[in-house]
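The structure appears below as structure tokens.
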Amino acid sequence: MTFTSRLKAGLAAGALAAVLAGAAGANTLRMADSTDIAAMDPHSMTESNTIGFLNHVYEGLVRYNQDLEVEPALATSWEFIEPTRIRFTLREGVTFHNGNAFTADDVVASLERAAHDSSPVKSNIPGMESVEKVDDHTVDLVLAGPDPIVLNYLTNMLILDREWMEEHDALLPADMRSGRENYAVANSNGTGPFKLESRQPDARTVLTVHEGWWDEPQHNLTRIEFSPISSDATRIAALLSGELDFITPAPLQDIDRIDRSDGASVIIAPALRTIMLGMNQKDTLHNSNLTDGNPLKERRVREALWRAIDMELIRKKIMRDMSRNAALLVAPPVPGYDESLDVLPPADLSAAKALLAEAGYADGFEVGLDCPNDRYVNDEEICQAITAMWSRIGVKAKLTAQTKSKHFEKLLAGSSDIYMMGWATLPMLDSYSVLSSLLHTPSDRMGAWNPGRYSNPDIDALTSKVAVELDPDKRTAMMSEALKIARDDVAIIPLHQQPLAWAVRDGVDLPITADNKPRLWYAKIN
Amino acid sequence: MIAFILKRLIQSVIVMLAVALIAFSMFRFIGDPVNSMLPENASAEDRQELREQLGLDQPVTVQFTRFVTGAVQGEFGISYRNKRAVAEMIAERLPATLELVLAAAVFALLLGVPMGIYAALHPKGVLSNMLNVISLIGISVPTFVTGILLILVFSVWLNWLPSFGRGETVQIGWWRTGFLTVSGLKSLILPAVMLGLFQVTLIMRLVRAEMMEVLRSDFVRFARARGLTNRAVNFGHALGNTLMPVITIVGLQLGAMIAFAIITETVFQWPGMGLLFIQAVSFGDIPVMSAYLVMVALVFVAINMIVDLLYFAIDPRLSVRA
């Protein structure tokens, strides 16, 4: 091909694309997020914005509905034929975007791929021993031990087509050591309501409707154009100028401006993510004037710190009345949450001072406080406010606010005294996530996010029981009990659930869900 | 001549190695990429295992040697975040950045040179003074503020131009261009103006100063004495001599613009190399960051070398000394 003929071909293709775009314009939803999806491969990354977007293209055996309850997707029903063996009946008549039929082979290949040793997502399907094909539309999932929340995990385990993976040498997930790309990273073939038309990283990813979708569409979209826009100001400007129909997130400080504008409005919901302060429970502090002993090991000191924080003030002044103050480590939609336990007494400086004096720290002490400055809503501002509040009871917090990759590196290395973190319990959507990762004594696979090494035998015992209890009521009761123990012992100081804010153009109707994953198969454009 | 080129080449290689080494020793301070690569419920062992797989537990010198060995063969590894070959990702982003820089440079020349000439020919004029004041503002206002203002005026209020992205693009071979579609050209205007604005003021001031200098020189006086028209003197003789240093500076500024494009690309979500780099920094994507930094160093080294060679060709005194 000569240069000119290539140029002509290119021009023709561009013109054609423009015509097609015009024709499809009627029900195109143009959306922007602050970050691009990492890759099209559902087994390459667990960032919730990537998984949330890929859920439009790929589906799991089960999925969450709008109320975040598990409902059938590619499996129509399931039963525990043994405590460690679940039999799934697969939906018949489902086709992949390339026309291939969906069968048990695809489930086996996909789950084995996700749980493969080199898979970065393998910890999102812990306890999977093997997957066995029974017949074309029946699959057994064998677990290492009883697992009451295996279905929650499966909502994130998306299914790829086996023949397609074989054809493109993508049966295994991307291997970082080989230095070779995986075909599924830039291409896709799922069963979901939308299929990938084109993708230019950081510029635009276009999905079109999959006509052969097995489910009854509740949306009226024909096309989704996804663009990442990292600059908040630009993202909002693009919404206000009519270039976009939907943006996420809408920064809190701009909510008024968007609502006052013509043609766009903000939708807000409390998010699942609970923001909290973890505390060093080791023998000494890292950043303090006290050289021996750790006051944070003393329950009364932890309670004093908690009582000194005026969450009402933070909610009004920093969160603009949009956060939800928390006394428990999980949000209301999470199983194990108990409303009667979630009572936050008002801040009380004199009580806090009395507690400190009782514990022998009447003059206070110095302590390090670590916060991210680009991870949670107004994270640094909250920590500054807390520093000021603690200074009134004599506790001098030395604040280090830094970028998230540095913050979490320091936190996980166990080098922080008091550290801010947020926990959404995803992908489990269950209090067990908090118990096993945050509260359990660090050992083996437990306590991965308990770098302060908090340890409470009662909580550990309850956690082990919850892990294998298959009766939902008993299980929930035990989780609530463990959360109550954690609250009474002030294992971690809960702060609030930060608000989730999206913004849409008038005429766009879509449900906002607490897990911050837009589900555009429920979206309507009028 | 050959000795000169060889000496330059060796110097360039040393510069590139130094850049890569400095970059590598800084990566330790940007945080652990493993934390963002694995799900939150990954265990400490999972993290350690991945760290070993990626060789992040090895000393900086070992990692650096591995990077250089790969880079020499054109192997930059796989992006931690996107799981794609880094060399390919950079090649994909390069056209966007180069088109943006080219458009900004053309804009800066087309506006800066006439403004400078006018200011030099009418040093006491009202308009010249206004241009001077405006150029001062152009130099002092941070570029991201200019960018946001441009978006506010031309996208939100007037609704004339798009506020983000490259619009429709056309793929020619491996080069994806926005020059061939209307929406591509419209998308180019605001980012190019934002990136070029600083250069406009720079060029205007440079042209003004150079031209005033040349206008005072003897040969211009003789030209006037010969009775040539103002027009012939100003544009035929003075301007030609003014532009030589201007072109050198603009050439060198191209490198700076490629580097400064990071801010413009972030504000306008322009899918170029700068945007790629910024995102790599926040994720701790070491392969992408190192490849980008080496790439930018290469551009600077190459431009410098071309300038040196041009001087060598133009100025006979240099070859005598060599």
Side-chain angles (χ1 to χ4, degrees), chain A residues 6-7 10-11 13-14 17-18 32 35-36 38-39 41 44-46 120-124 126 174 176-177 179-182 185-186 200-204 227-231 233-234 237-238 240-243 374 403-409 412 423 427-428 433 436-437 442 444-445 448-449, chain B residues 29-33 35-47 50 53-54 70 75 77-78 80-85 88-89 92-93 96 148 151-152 155-156 159 162-166 168-173 176-177 180-181 183 266-269 271 275-276 278-279 282-284:
Chain A
R6 235 190 272 172
L7 186 68
L11 280 174
T35 40
D36 195 12
D41 188 338
S44 72
M45 182 61 73
T46 54
V121 304
K122 64 182 172 193
S123 40
N124 272 352
M176 299 306 294
R177 278 163 300 182
R180 212 166 41 85
E181 272 186 33
N182 193 301
V185 162
Q200 294 166 42
D202 279 335
R204 190 153 48 152
S227 310
I229 301 183
S230 54
S231 153
T234 311
L240 297 183
S241 68
E243 291 165 79
D374 53 3
T403 185
K404 57 192 173 200
S405 55
K406 290 301 287 174
H407 171 72
F408 289 110
E409 182 184 41
L412 284 172
W423 204 256
M428 281 186 233
S433 167
S436 60
S437 295
D444 205 17
R445 301 203 69 84
W449 282 79
Chain B
F29 301 107
I30 52 138
D32 191 348
N35 294 333
S36 24
M37 290 172 75
L38 288 176
E40 287 183 334
N41 46 354
S43 68
E45 291 91 86
D46 290 344
R47 287 175 215 284
L50 182 61
Q53 276 182 20
L54 300 174
E75 270 297 327
I78 294 265
Y80 290 171
R81 181 175 137 83
N82 302 90
K83 318 281 184 212
R84 295 190 50 214
E88 212 175 285
M89 287 169 74
E92 209 175 79
R93 304 304 185 87
I148 299 287
I151 291 178
L152 191 65
S155 304
V156 180
N159 233 325
S163 54
F164 71 97
R166 275 184 94 189
E168 294 292 331
T169 49
V170 176
Q171 186 102 25
I172 303 168
R176 186 180 277 281
T177 179
L180 299 175
T181 61
S183 76
T266 312
V267 170
F268 286 95
Q269 193 67 29
L275 191 63
L276 184 68
I278 281 291
Q279 284 167 359
S282 68
F283 191 85

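All chains are named by letter (A, B, ...) in the order of the sequence lines, taking the proteins before the strands, and each is independently numbered beginning at 1. All heavy atoms count here, side chains included; hydrogens, waters and symmetry mates do not.
The salt bridge (Lys or Arg N to Asp or Glu O under 4.0 Å) check on E88(B) picks up R84(B), with sequence neighbours excluded. With sequence neighbours excluded, the residues forming a side-chain hydrogen bond (donor to acceptor under 3.5 Å, both in side chains) with S231(A) are T234(A), listed by chain and number.
For the atom pair L38(B) CG and N124(A) CG, the distance stands at 10.0 Å (nearest 0.5 Å). Between Q279(B) atom CD and T35(A) atom OG1 the span is 8.0 Å, to the nearest 0.5 Å. In this structure, S155(B) OG and E243(A) CD are separated by 5.5 Å, a value rounded to the nearest 0.5 Å. Taking CD of E92(B) as the start and CG of D202(A) as the end, the distance is 9.5 Å to the nearest 0.5 Å.
Among I229(A), V121(A), L240(A), the residue making the largest number of heavy-atom pairs under 4.5 Å with chain B is I229(A). Heavy-atom pairs under 4.5 Å with chain A peak, among I148(B), L276(B), I278(B), N159(B), at N159(B). When each of S183(B), P162(B), G165(B) is checked for heavy-atom pairs under 4.5 Å with chain A, P162(B) comes out on top. Contact tally against chain B (heavy-atom pairs below 4.5 Å) for S405(A), S433(A), A237(A), A448(A): the top residue is S405(A). For the options K404(A), H407(A), K122(A), Q200(A), heavy-atom pairs under 4.5 Å to chain B are most numerous at Q200(A).
With Q269(B) contributing its side chain and A203(A) its backbone, the two residues share no donor-acceptor pair below 3.5 Å.
Two residues are said to be in side-chain contact when any heavy atoms from C-beta on lie closer than 4.5 Å; P201(A) and R93(B) meet this criterion.
Of the atoms belonging to L412(A), it is side-chain heavy atoms, and not backbone ones, that fall under 4.5 Å from chain B. Contacts of D46(B) with chain A are made by side-chain atoms alone, with heavy-atom separations under 4.5 Å and no backbone atom involved. With a 4.5 angstrom heavy-atom cutoff, P442(A) does not touch chain B via any of its atoms. Looking at D36(A), both its backbone and its side chain come within 4.5 Å of chain B, counting heavy atoms on both sides. With a 4.5 Å cut-off on non-hydrogen atoms, S437(A) touches chain B through its side chain but not through its backbone. Only the side chain of S227(A) comes within contact range of chain B, with heavy atoms under 4.5 Å apart. Both the backbone and the side chain of P228(A) have a heavy atom closer than 4.5 Å to some heavy atom of chain B.
Nearest approach of R81(B) to A38(A), heavy atoms of both residues: O-CB, 3.5 Å. The two residues L275(B) and S230(A) come nearest to each other via the heavy atoms CD1-OG, 4.2 Å.
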